[in-house]
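We're numbering straight along the sequence, starting at 1. Values reported hereafter were calculated over all heavy atoms of this structure, with side chains retained and with hydrogens, waters and symmetry mates removed. This structure is a prediction, so every number in the text was calculated from the model and none was measured.
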Amino acid sequence: MEGKMSWTVADAVDYKGFPADRSKTGGWMPAALILGIEICERLSTMGIAVNLVTYLGGTLHLPSSTSANVVTDFMGTSFLLCLLGGFLADTFLGRYKTIAIFSIIQTLGTGTLALATKLPQLRPPPCHGSHTCKQANGFQMGILYIALYLIALGTGGLKSSVSGFGTDQFDEKDEKEKAQMAYFFNRFFFFISTGTLMAVTVLVYIQDEIGRSWAYGICSVSMFVAVLIFLSGTKRYRYKKSLGSPIVQIFQVIVAAINKRKMELPYNVELLYEDTPETSRIHHTDRFRFLDKAAIVGEGDLERNVGPAAAPNPWKLCPVTRVEEVKMMVALLPIWATTILFWTTYAQMMTFSVEQASTMERSVGGFQIPAGSLTVFFVAAILITLAVYDRLIMPLWKKWKGKPGFSSLQRIALGLALSTMGMASAAIAEVKRLEVARATGASATTETLPVTVFILIPQFFLVGAGEAFIYTGQLDFFITQSPKGMKTMSTGLFLTTLSLGFFVSSLLVSVVKSETGGSNGGQGWLADNINHGRLDCFYGLLAVLGVINFALYIVSAVWFRPRKSKPAALQMDTVVNGSSTAENKC
């Protein structure tokens, strides 16, 4: 019997619901099939996002600020829908069904976008002179929005489950498979980078030189093929049962605390309700004491506790450990809030920076660099920064401070500082670009200015290097400082900073457009034609906001109290085992 059990994975089942046979399920082959979905998702989402603004302005004839907001709203919704995908996977569908359903939705979205960019009826006629451009009508924009938000919905569902389902194929309790899992993480991040690089180079080139419908068609076909490959592994996958959504647990604590808001806390915290096993308990703390009221035992709270396996109504009474888990999540919020602005800065690299590049000299020899491909310098900055940090900074820091690299809070601080410097650099580059535009009398964004596009490289490199630090810092911080049972929720918090960063960008653009409309000869800072605007002032505003936000972040980081030793030890065990670190990463 023992020999037979050793061939099964304790917490996983096969596609029929039987205990998973280690020799027939899981491992590298099924995990590789899942990676194909991820590379196609990156190819589609990034290939569309980095070059969409040129289509909106050049073909649909939308104003500069409107084009930027369409892109940032699309990306913000994609990240926000990760929460929906995670909730459905945790509560109802499971990861396998979530990936299958949402990958098909994304395929439909890219197919619709290919049609929208192909059919002449779905775009306005070309411009005839600089003053006769007709904007896309409501029907044409409606079809475009349907396509974009189908893609956003598909992306959100995929992001929430792909990495987690990949790690499900390895058994943490088996040393050999645990080592393979670590290798899977490396390959997962590699595939993300590969998909992004292909998107900003090959796919953008196809869009500009061959046709957008061809490029989006390639995305749709490649995702469809990836889905078929994914489904072909159904019998080889390992499946793990859903444990429920931590969002429900958080609301249970909040509702119980509100219902008992008029009750007095006991002088002795030992009188608070606790039913968590001793080895998994989190000790009571004095912060956010209002939430402690959820653990006060009131009249009738234990009436349901009539059997050995029964438990009180969790909407009326919560154990201290669950209350402390919610407190730990609340303590993350100041850091969470002060990292949102970075992603607002990041959004400019996909919108206004691409618009800048489209007006500048981009020829190298006889080759014309597509404006959207300038983001390759952004990706290069990320890869170079991570390599330098890993090979140079970490060893030196360990010799000097005795620690293996910067802490998560230090990395976040570096990311915020670099992004602020990136916006200052962008403002300086835009001043130069505007000087040339005015000197040459350029009146249309289609005119190429005699100024090299490479003056934009510093802003791409600074913000890209900032992302390398802040992305890893945020992921590390939210994973290691959150309770063991709320990894999905903590990763969700991280993803919402990306989502809100894009939405804040849209809001900021709208406010600036409205408030500066009477300045600059009636054009405002964000004119329909960027050659007539003051994009440098907008970048300068973001730099000033970055300085203020950085100061608020420092205050929040000083106020934050890291986890106590015992919970931290429990948490580190989870991180070392690997499953939590990359389980729900985008």
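With a 4.5 Å cut-off on side-chain heavy atoms, R411 and Y389 count as touching. F478 has its side chain within reach of W336: a pair of non-hydrogen atoms, C-beta onward, lies under 4.5 Å apart. A 4.5 Å side-chain heavy-atom check between I455 and K432 finds at least one atom pair inside the cut-off. Put simply, the side chain of E355 does not reach to within 4.5 Å of the side chain of L535, judged on heavy atoms. Considering only heavy atoms from C-beta on, L341 comes within 4.5 Å of L545 through its side chain. With a 4.5 Å cut-off on side-chain heavy atoms, T72 and M75 do not count as touching. Side-chain contact between T496 and F79 is absent, with no heavy-atom pair separated by less than 4.5 Å. Within the 4.5 Å cutoff, no side-chain heavy atoms of T385 are placed close to those of E467.
Here the straight-line distance linking atom CD of Q474 with atom CG of L409 works out to 11.0 Å at 0.5 Å rounding. Distance check: M46 CE to T375 OG1 gives 6.5 Å after rounding to the nearest 0.5 Å. A distance of 11.0 Å separates OG1 of T59 from CG of L144, quoted to the nearest 0.5 Å. Note: L386 CG to I393 CD1 = 10.0 Å, rounded to the nearest 0.5 Å. To the nearest 0.5 Å, atom CZ of residue F454 and atom CZ of residue F460 are 11.5 Å apart. Rounding to the nearest 0.5 Å places OG1 of T110 at 9.5 Å from CG of L150.
Between F406 and F469, the angle of the ring planes lies from 30° to 60°, which puts this pair in the tilted group. Using cut-offs of 30° and 60° for the angle between ring planes, the W343 and Y471 rings count as perpendicular.
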* Step by step, would you call E361 with L449 a side chain to side chain contact (heavy atoms under 4.5 Å, CB included)? -> CA-CA 6 Å; E361 178 58 52; L449 301 176; over 6 Å; no
* Apply side chain to side chain contact (heavy atoms under 4.5 Å, CB included) to T497 and F342, showing your working. => CA-CA 9 Å; T497 64; F342 173 87; over 6 Å; no
* Check the pair F560 / Q481 against side chain to side chain contact (heavy atoms under 4.5 Å, CB included), numbers first and verdict last. => CA-CA 10 Å; F560 181 77; Q481 297 302 321; 3.7 Å; yes
* Worked check of side-chain hydrogen bond (donor to acceptor under 3.5 Å, both in side chains) between S64 and N529 -> CA-CA 6 Å; S64 173; N529 182 332; over 6 Å; no
* To do: Could you walk me through whether V451 and T359 pass side chain to side chain contact (heavy atoms under 4.5 Å, CB included), step by step?
  => CA-CA 9 Å; V451 57; T359 68; over 6 Å; no
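Nearest approach of E41 to M223, heavy atoms of both residues: N-CE, 3.5 Å. Shown here for Y145 and V70, the closest heavy-atom pair between the two residues is OH-CG2, 3.7 Å. Here the closest heavy-atom approach between residue N51 and residue Q207 is recorded as ND2-OE1, 3.0 Å. Residues A152 and T77 share a closest heavy-atom pair of CB-CG2, 4.2 Å. Across every non-hydrogen atom of P370 and V204, the tightest pair is CB-CG1, 3.5 Å. Across every non-hydrogen atom of A116 and I143, the tightest pair is CB-CG2, 4.0 Å.
Using a distance-only test at 3.5 Å, with no hydrogens or angles considered, no donor-acceptor pair links the side chain of T338 to the main chain of N549. With hydrogens and angles disregarded, a donor-acceptor distance shorter than 3.5 Å links the side chain of K513 to the backbone of L526. Side-chain N or O atoms of S407 include one that pairs as donor or acceptor with a backbone N or O of Q410 at under 3.5 Å. Side-chain atoms of H532 do not come within 3.5 Å of backbone N or O of A527 as any donor-acceptor pair. Between the side chain of T66 and the backbone N or O of L62 there is no donor-acceptor pair closer than 3.5 Å. Using a distance-only test at 3.5 Å, with no hydrogens or angles considered, a donor-acceptor pair links the side chain of S373 to the main chain of V200. A donor-acceptor pair is defined here as one N or O able to donate and one able to accept, closer than 3.5 Å; such a pair exists between the side chain of R362 and the backbone of A357. Formation of a donor-acceptor pair under 3.5 Å by the Q140 side chain with backbone atoms of N137 is found in this model.
No hydrogens or angles considered: nothing links the side chains of R42 and T155 as a donor-acceptor pair under 3.5 Å. No donor-acceptor contact under 3.5 angstrom links the side chains of T107 and S220, judged on distance only. Looking only at atom types and distance, the side chain of N531 has a donor-acceptor partner in the side chain of R433 under 3.5 Å away. Side-chain contact check for R123 and T117: no donor-acceptor pair (N or O, by modelled atom type) lies under 3.5 Å.
In M421, the CE atom is not crowded: 12 or fewer heavy atoms of neighbouring residues, nucleotides or ligands sit closer than 6.0 Å. Around the CZ atom of F251, the shell of radius 6.0 Å holds no more than 12 heavy atoms that belong to other residues, nucleotides or ligands.
Of the candidates L88, I37, V162, L88 is the only one forming a side-chain contact (heavy atoms from CB on, under 4.5 Å) with F102.
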Taking distance alone, no hydrogens or angles, what donor-acceptor pairs closer than 3.5 Å link side-chain atoms of residues 326-335 to residues at least two apart or in another chain?
unit_1 : atom_1 : unit_2 : atom_2 : d
K327   : NZ     : T285   : O      : 2.9
K327   : NZ     : R287   : O      : 3.1
K327   : NZ     : D292   : OD1    : 2.7
K327   : NZ     : D292   : OD2    : 3.4
K327   : NZ     : E324   : OE2    : 3.0

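Counting only residues at least two apart or on different chains, no side-chain hydrogen bond (donor to acceptor under 3.5 Å, both in side chains) pair has a member in residues 414-429. Residue pairs that meet the side-chain hydrogen bond (donor to acceptor under 3.5 Å, both in side chains) test with at least one member in residues 344-354, sequence neighbours left out, are Q348-S505, S353-Q459, S353-Y539.
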